[in-house]
Protein chains: 2
Amino acid sequence: MKSTDRMDIKNERLKFERHLKEKGLRLTTGRQIVFDEVMHAHGHFAPEELVKQCHQNKRRVSRATIYRSINELLEAGVIRKTAFGEKHQHFEHIYDEKPHHHAKCLHCGSYIEFPDLGEDKVYKPYLEKEGFQVIGHEMHFYGICRKCQ
Amino acid sequence: MKSTDRMDIKNERLKFERHLKEKGLRLTTGRQIVFDEVMHAHGHFAPEELVKQCHQNKRRVSRATIYRSINELLEAGVIRKTAFGEKHQHFEHIYDEKPHHHAKCLHCGSYIEFPDLGEDKVYKPYLEKEGFQVIGHEMHFYGICRKCQ
DNA sequence: CTAAAGATGATACACTATCTCATATGAAGT
DNA sequence: ACTTCATATGAGATAGTGTATCATCTTTAG
Ligand SMILES: [Zn+2]
Ligand SMILES: [Zn+2]
Ligand SMILES: [Zn+2]
Ligand SMILES: [Zn+2]
């Protein structure tokens, strides 16, 4: 882990604490565990994957708390939700990520990421003319990955 | 309904029949009902909505058959799946639609559609350089709609 | 120390989608 | 028309994800 990562995580932690304070919530052991496990998740994760990860790492925290904390992290802007067209939600932490999108292999289910090239610039004026106030966007490509050709 | 719509639907029907034939499946009453209801669904629909719609219209077809037929329609290219970041799947028929994307209001949950401006042209070369063969893409904006401002 | 607010975990619940399997249906051959 | 057999269907079971409930525990404030 690079030292910049440690700084980034610290920064995310502050964001989380600020959010909790604003809502009058406490930074409890359970929430710390979830924060920690989320920060160390590799790439995207589904809530149930995080439940397993916590269990494997012998972190004593319940499923309910994990789900609840994930939602707090989302509200705090520490993670973001990504819709992959599947039946469950996906999240990823934001701290060491550049704005990017995802391309999914329809064969093996893997993802590759690629940078955001700012296409929202083109669409924003159109949507705003329609009276729609844009907060964000995501783009999903799908196809066949290199390995599966 | 415009006459062009009728032609479009007929065309979709042929596509469906061709697909079934290729898979050695029959165009049964159940599949006809689902095809029909899907064609007359207004905009996007979730499978469970279609189940309700069929029930309201007194079409005697089971939930299982509806789900199964939806998947056949998907494979036949008559409908497409769209991930709206929700917990269930969404579909929409293709026949009278121009390529478009969706913007979701985070407040009331409604959608507006807007035309595809061809941003995939910019991304395809990048992804193909990575060895990823692009089949398609979708883009989701989210924000606040005119009514909810 | 006490009271109030908040947090947790176990469990129940709701919902979506799929699977199973017994029965029904349709196409083809005799 | 009768038989055969692959396919289709419906009812209900099952699996998976996420939320709601509520009794119990913990923290904070006074
Ligand atoms: Zn692949
Ligand atoms: Zn990503
Ligand atoms: Zn709205
Ligand atoms: Zn649409």
Side-chain angles (χ1 to χ4, degrees), chain A residues 16-38 41 44-55 57-76 79-91 109, chain B residues 16-38 41 44-55 57-76 79-91 109:
Chain A
F16 189 33
E17 287 175 18
R18 214 177 303 132
H19 166 77
L20 291 176
K21 199 156 207 172
E22 272 175 21
K23 283 189 71 178
L25 305 176
R26 302 176 193 138
L27 178 55
T28 58
T29 314
R31 293 191 174 121
Q32 284 183 51
I33 290 173
V34 176
F35 175 87
D36 208 53
E37 293 294 326
V38 163
H44 317 104
F45 65 91
E48 291 295 328
E49 290 165 12
L50 202 66
V51 172
K52 282 197 199 95
Q53 184 181 318
C54 285
H55 190 252
N57 296 351
K58 309 281 185 218
R59 317 294 299 234
R60 215 170 301 105
V61 61
S62 73
R63 222 168 70 96
T65 296
I66 292 172
Y67 271 88
R68 284 191 278 243
S69 298
I70 285 174
N71 282 327
E72 297 300 337
L73 287 169
L74 189 63
E75 284 187 21
I79 59 179
R80 60 181 185 141
K81 196 193 288 200
T82 308
F84 285 135
E86 294 172 10
K87 276 163 261 162
H88 51 268
Q89 304 175 354
H90 266 87
F91 301 89
Chain B
F16 189 33
E17 287 175 19
R18 213 177 304 132
H19 166 77
L20 291 175
K21 198 156 207 171
E22 273 176 20
K23 284 188 70 176
L25 305 176
R26 302 177 193 138
L27 179 54
T28 57
T29 315
R31 291 189 175 126
Q32 283 184 54
I33 290 173
V34 176
F35 175 87
D36 209 51
E37 293 293 327
V38 162
H44 317 105
F45 65 91
E48 289 297 325
E49 290 165 14
L50 201 68
V51 171
K52 282 197 199 95
Q53 183 181 317
C54 287
H55 190 252
N57 296 352
K58 309 279 185 220
R59 318 290 293 213
R60 215 171 300 105
V61 62
S62 73
R63 228 165 67 93
T65 297
I66 292 172
Y67 271 89
R68 284 190 278 241
S69 298
I70 285 174
N71 282 328
E72 296 301 338
L73 287 170
L74 189 64
E75 283 186 21
I79 59 178
R80 62 182 182 137
K81 196 192 287 201
T82 309
F84 285 136
E86 293 172 10
K87 276 164 259 162
H88 50 268
Q89 304 176 354
H90 266 86
F91 301 89

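To find a chain, count down the sequence lines: A is the first, B the second, and so on, and within it residues start at 1.
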Seminar exercise, completed: B:F45 atom CZ is separated from C:dA17 atom P, nearest whole Å, by 11 Å
For this session: Could you tell me which residues satisfy side-chain contact (heavy atoms from CB on, under 4.5 Å) with A:T29, sequence neighbours excluded, listed by chain and number?
Result: A:I33
Seminar exercise, completed: In terms of heavy-atom contacts, A:V51 and A:I66 come closest through CA-CD1, 3.8 Å
Exercise. By salt bridge (Lys or Arg N to Asp or Glu O under 4.0 Å), which residues pair with B:K23, not counting sequence neighbours?
Worked result: B:E72, B:E75
Exercise. Taking atom OG of B:S69 and atom CG of B:D36, what is their separation to the nearest 0.5 Å?
Worked result: 12.0 Å
For this session: Please state whether the phosphate of D:dG10, meaning OP1 or OP2, lies under 4.0 angstrom from any side-chain nitrogen or oxygen of B:T65.
Result: yes
For this session: Between A:S69 and A:R63, just flag the one whose closest nucleotide in DNA chain C comes earlier from the 5' side.
Result: A:S69
Exercise. Between atom CG in B:L25 and atom P in D:dC5, what is the gap in whole Å?
Worked result: 21 Å
Exercise. To the nearest angstrom, how far is A:K81 atom NZ from D:dT17 atom P?
Worked result: 15 Å
Problem set entry | Sugar-phosphate or base contact per nucleotide [nucleotides 19-25 of chain C; S, B, -; heavy atom under 4.0 Å] | -B----B
For this session: Return the set of residues passing salt bridge (Lys or Arg N to Asp or Glu O under 4.0 Å) with A:R63 (not counting sequence neighbours), or none when no residue passes.
Result: A:E48
Problem set entry | A:R80: salt bridge (Lys or Arg N to Asp or Glu O under 4.0 Å) partners, not counting sequence neighbours | A:E92
Exercise. Nearest-Å distance, CZ (A:R60) to P (D:dC25)?
Worked result: 16 Å
Seminar exercise, completed: From NZ of A:K23 across to P of C:dA5 the rounded distance in Å is 18 Å
Problem set entry | Difference in axis direction between the ends of the helix from C:dC1-D:dG30 to C:dT30-D:dA1, five pairs, 10° | 20°
Problem set entry | Over all atoms of both residues, closest heavy-atom pair of B:L74 and B:K81 | CD1-N, 3.7 Å
Exercise. Do you know which two heavy atoms are closest between A:R26 and A:R31, and how far apart they sit?
Worked result: O-NH1, 2.6 Å
Exercise. Can you tell me how far CG of B:L73 sits from CG of B:L20, rounded to the nearest 0.5 angstrom?
Worked result: 8.0 Å
Problem set entry | Nearest-angstrom distance from the residue atom CD1 of B:I66 to C1' of C:dT18 | 15 Å
Seminar exercise, completed: Testing C:dA17, C:dA7, D:dG10 for proximity to the side chain of B:Y67, the answer is C:dA17
For this session: Round to the nearest Å and state the distance from B:R59 atom CZ to D:dT9 atom C1'.
Result: 16 Å
For this session: Measure from CD on A:E49 to P on D:dT17 and round the result to the nearest Å.
Result: 9 Å
